[in-house]
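This report concerns only the one structure given below.
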Amino acid sequence: MTDGSGPEDSRRQFLGLGLRVVSGLAVSVAFNACDRNDEADHGDIPTQTFVQPTMLESKDGLLDIDLTASYLDTKLSGFDPSKKHAVSLRAYGYNTKGPEVFGPTLVVKGGDQLRIKLTNNLPFNPPAAPNDPLLYMKPNTTNLHTHGLHVFPGIYNNSKSREYGDYVVDSNSGGVVPRGDSRQYVYNLPANHPAGPFYYHPQFHGSSALQAASLMQGAILVRGPVDDLPEMARARELIFLFQAPYFAHDGFSSVYGVNAGSLEQFDQIGNHSTGHGVKNNGKDYLDAQPVLINGVRQPTIVMRSGEVQRWRFINTQIFNRLNLNLDSHILHQFTQDGWGTATYQEFPDARQNGGEGLVLSAGNRSSVIIKAGKPGTYLLRTLPVKIADGLEKVLLPGDVLAKLVVVDDRKFIAQTIPDTPLPVSDFLKPISDQELAGSGGRKRIIVLNITGNTESINLQDSQSYWEKLVATAGSLASDTERFVRRKLTQADHEITPTSEKNVTNATYVKPAALSNDNYNLQLSNSIIQYVPQNSVEEWTIFNCNSICRPFHIHVNPMYVTKVNGTSISPYWCDTVTLPGGGTPEMPTSVTFRMRFDDFSGPYIMHSQMLQDSDLGMVSRVSILPTQGGFKTAG
Amino acid sequence: MDFLEISAISAGKDQTLALLTSGEVLGWGGAGSGRLVPPFKDICGAFKESDPRPVYVSAPSLYSHISAGYGVSLGISDQKPFAWGFSQTGMGGHEPISEAPSALAQVASASKIAAGQCLFGLIDEVGGLHTWGLNVDGALGRKTGQINASPAPISGIPPMQDVFIGDCFMLALSDDQKVYAWGSNSSGQLGLGHLKSISNPELVELSPNIKRLAVGSTHVLALTEDGEVYGWGSNHFNQSGDTTSSFINRPRKIGFSEAIAEISAGMHYSLALASSGKVYAWGWNGMGQLGLGDHQTRSRPVAIPDLSGIRAIAAGEMHAVALGKSHLFGWGSNASNQIGKADLCQMSPNPFLDIRSRARSRL
């Protein structure tokens with residue numbers, strides 16, 4: 001919020017506590033006019049450096065904004081918060097405002113219409129040589145995905161001008177192309193849409209990693225009855241966009257000819273041995289790809305002892321996980337991703353107790369309530385967390401993400417954490433065995449595996465090629481490139497002997513040889529999942545690799561019931577992390593149920609490690625309309 | 001003369017196979033058809049990048065049986081099992097993406113073979129049943145420490161004559177014409193009167209002698225020696241032939257006005273071939289896979305008009321093929337050109353291969 005004058009601007013004005021949160025600027029003094037006495041009592045109140053994006057709120061059922069994609073030239077902190085690096089990265093601006101380090105926060109509620117007109121002001125795509133991956137990975141073509149929202153995924157055919165739902169199945173020659181192309185997105189939230197945090201980011205196949213690893217992300221908050229609870233409404237709300245913008249740096253061994261401060265080649269995030277911010281030693285981070293919160297490295301948050309706040313965590317990173325922990329405090333989680341729960345899941349300080357905090361993989365979100373304890377300084381950290389297991393174990397190092405300073409204020413009346421049960425939308429009612437049985441009950445299997453096109457698999461060889469992919473967390477795509485090249489040689493070799501047959505009554509079609517592009521985007525048409533609308537199904541996702549892969553499916557959330565075939569206490573989410581340590585012979589798995597009731601149309605499921613997705617770990621789901629049957633016959 | 005003599009047809013997820021009496025196999029559509037589908041650059045490029053023309057599956061020798069599954073097809077050649085297509089996890093030494101058949105070395109002989117969704121089975125020459133693939137809900141029917149298991153026999157069951165595969169469940173028909181079932185039971189498709197998965201084969205209570213089974217995604221059809229049909233499992237689109245319940249966990253007879261000779265089932269729809277050569281269709285019809293000219297679900301078997309003299313039928317996930325006197329007909333989804341040159345959503349039978357003419361087909 002900059003000036004509070006816009007009609008759609010933040011609800012913050014009437015939230016009373018009045019922390020001024022300014023877009024893109026750090027603002028001092030947590031306690032403004034209504035709390036002047038605090039300053040008198042505490043002469044050296046620390047400066048709050050936490051900033052957050054402008055909130056734009058729906059009015060009379062509508063939020064209508066313009067969103068623009070363009071370059072932002074700015075300075076960002078590195079791992080060392082005292083150092084700043086000049087960067088030139090793709091970013092979002094909105095309405096008449098230029099690009100910022102984050103997109104605005106869009107606040108809507110069930111039943112609202114959210115309209116986003118996306119205009120692409122990025123320059124033309126760079127010219128590509130015949131074998132250049134940029135032929136497929138168009139860094140300046142874009143589109144928009146509302147991560148987690150339960151909305152129509154298709155193109156509306158009943159409007160005069162072309163309007164899009166959460167449509168991301170653009171062709172390689174399509175999308176929102178550079179230099180002024182625009183697209184009108186329209187998201188009609190069902191009235192019972194659950195309340196929680198979501199976010200938007202680009203999902204143009206081939207360039208999603210490069211754009212999302214820039215600064216192209218913003219929060220969506222869906223409000224609901226839980227937000228109207230008096231204690232909840234009184235709790236100051238902070239939005240945490242965890243970002244890890246990647247940019248070239250003079251200190252890197254290879255920057256692929258890219259200028260310092262920019263991200264222009266897929267290789268930078270796909271092929272660079274340190275493309276995920278971890279140094280070659282695997283123990284700490286590079287200076288130039290730190291985790292930022294709303295563009296700021298290690299911001300300071302100031303609270304009064306006894307104050308209750310609600311924090312919205314959104315991990316917009318494209319690879320790394322977070323293992324969130326707040327020193328000497330309890331994080332009371334009440335939404336997992338954007339899906340509410342009636343009770344809190346509590347995450348106490350885990351530093352001395354196993355080190356398992358609130359884990360958010362790429363694409364995960366969480367809402368938590370925290371109550372500030374005794375005066376003091378506390379750190380919001382990510383504790384060390386596993387990102388690959390099994391034959392190749394990789395532990396991401398810990399990091400300090402923010403500093404919480406709790407000050408004493410004798411006049412402050414301590415707030416209370418809202419009582420449970422919290423209100424939860426009927427949309428999130430459990431999926432029973434009986435409901436599954438009466439709605440088709442299909443069991444689908446989805447396999448996530450790094451495969452070459454004709455690469456031989458020797459199941460007896462425990463050191464087979466994909467196990468070598470995760471020697472370090474940073475080696476994923478460099479090996480991807482290596483095996484892609486190797487298999488191409490084999491493909492040509494294998495096709496030739498079978499291609500000369502000439503037979504009667506049928507035309508022999510020579511199988512197409514694979515092209516020689518370094519990164520061949522792979523999508524097989526054999527694995528489109530066609531689902532009749534009104535079905536309820538149970539899917540098991542298998543992970544054949546060591547990496548703890550976050551699996552994300554658009555449009556319809558998952559009701560997770562099993563991990564590695566063993567029943568768990570079920571929960572709703574839209575991005576689920578597959579256990580690491582899988583092999584093709586002993587893959588790990590997650591099993592969930594889904595309802596396909598509200599919408600028909602095409603969408604995708606993919607690894608939220610977007611480098612994987614851009615290389616082909618993505619496939620289509622298509623919900624087909626139905627006529628007749630028990631649910632539609634009436 | 002040089003006619004194309006087709007001895008068997010099989011329809012999978014996105015592919016169709018035709019076995020010629022010569023032992024050669026013709027394929028249409030996506031992975032598992034024998035055509036190496038090039039990597040796609042587009043998320044939405046499925047239809048435009050595929051080819052309506054058939055290819056010959058390359059053969060180390062000639063085939064006697066075929067089964068089209070999900071991206072993967074299996075065949076028996078010289079009593080040995082072979083696999084081709086896109087098996088994402090790899091299996092039995094087969095490459096994850098290769099349309100050149102490779103032998104499954106772990107099994108010495110095969111007389112019947114079935115391919116499902118990452119789940120496979122075969123009957124060896126003495127009636128032993130071997131299973132392999134991803135073991136979800138006990139689908140392999142045997143104890144194993146493996147999740148993506150190699151082929152191994154199920155012990156303690158009578159000799160089997162054939163095996164049938166649905167979504168993470170299997171059925172087998174014993175030499176004495178009894179039905180055994182195991183694996184996932186999400187919609188009662190094991191026919192055991194409950195919804196619990198089981199990991200060892202159990203006998204299904206069904207008094208007539210069964211001649212043949214057909215398995216859809218989550219429903220089952222059984223054909224008796226007398227030409228009667230029973231159905232059970234998921235029924236939300238009446239695919240099991242009942243109009244009172246959205247799932248059925250015990251076999252229930254489906255009424256026909258004439259004797260049935262052959263049955264086949266896809267995703268939530270069913271086909272039956274009468275001895276007269278007529279084809280009946282019922283269940284879900286979202287892609288026109290009932291061949292009745294529309295998308296309306298049918299709660300009872302309906303004869304497909306203008307289709308007669310049919311000798312064999314095969315229901316894929318959302319497409320169907322039928323072998324007539326002089327043509328191979330296809331209908332339903334053609335998203336991967338699995339029924340040759342036809343509409344994307346082909347709502348009535350379309351002849352896509354002329355098997356009479358010595359000349360090149362019109363395709």
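Chain letters run A, B, ... following the sequence lines, proteins first and then strands; every chain starts at 1.
For the pair B:N148 (side chain) and A:P584 (backbone), a donor-acceptor distance under 3.5 Å is present. A side-chain donor-acceptor contact under 3.5 Å links B:K13 to the backbone of A:I528. Side-chain atoms of A:E585 do not come within 3.5 Å of backbone N or O of B:Q146 as any donor-acceptor pair. Within the 3.5 Å criterion, the main-chain N or O of A:G440 finds a donor-acceptor partner in the side chain of B:T218.
Put simply, of B:S217, B:S234, B:G283, the one with the most heavy-atom pairs under 4.5 Å next to chain A is B:S217. Here B:S246 is the residue among B:S246, B:G145, B:G166 with the most heavy-atom pairs under 4.5 Å with chain A. Most heavy-atom pairs under 4.5 Å with chain B, from the set A:G441, A:G174, A:P625: that is A:G441. The choice from B:N135, B:N185, B:I248, B:I147 that makes the most heavy-atom pairs within less than 4.5 Å of chain A is B:I147. Among B:S299, B:S184, B:S187, the residue with the largest count of heavy-atom pairs under 4.5 Å with chain A is B:S187.
B:E317 touches chain A through its side chain: at least one heavy atom from C-beta onward sits under 4.5 Å away, while N, CA, C and O do not. For chain A, the nearby part of B:T244 is the backbone; its heavy atoms alone come within less than 4.5 Å. Contact of B:H268 with chain A is made through the side chain alone, with heavy-atom distances under 4.5 Å. Interface remark: B:S245 contributes backbone atoms only to the contact with chain A (heavy atom separation under 4.5 Å).
Of the inter-residue distances, the one linking B:S186 atom OG with A:E538 atom CD reads 7.0 Å to the nearest 0.5 angstrom. In this structure, OH on A:Y530 lies 9.5 Å from CE on B:M267, to the nearest 0.5 angstrom. Note: A:D433 CG to B:K196 NZ = 10.0 Å, rounded to the nearest 0.5 Å. The line from CZ of B:R298 to CD of A:Q627 is 9.5 Å long, rounded to the nearest 0.5 Å. If you take OG on A:S535 and CH2 on B:W284, they are separated by 7.5 Å, rounding to the nearest 0.5 Å.
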task = Kindly determine whether A:F630 and B:N235 satisfy side-chain contact (heavy atoms from CB on, under 4.5 Å), including the steps that lead there.
result = CA-CA 9 Å; A:F630 277 93; B:N235 193 43; 4.1 Å; yes
task = Would you sort out whether A:T626 and B:T297 count as a side-chain contact (heavy atoms from CB on, under 4.5 Å), showing the intermediate values?
result = CA-CA 8 Å; A:T626 62; B:T297 293; 5.6 Å; no
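Under the 4.5 Å side-chain criterion, counting only non-hydrogen atoms from C-beta, A:K562 is in contact with B:D137. B:H236 has its side chain out of reach of A:N534: every pair of non-hydrogen atoms, C-beta onward, lies at least 4.5 Å apart. Considering only heavy atoms from C-beta on, A:P587 comes within 4.5 Å of B:L134 through its side chain. Taking the side chain as every heavy atom from C-beta outward, B:F247 and A:L436 never approach each other to under 4.5 Å.
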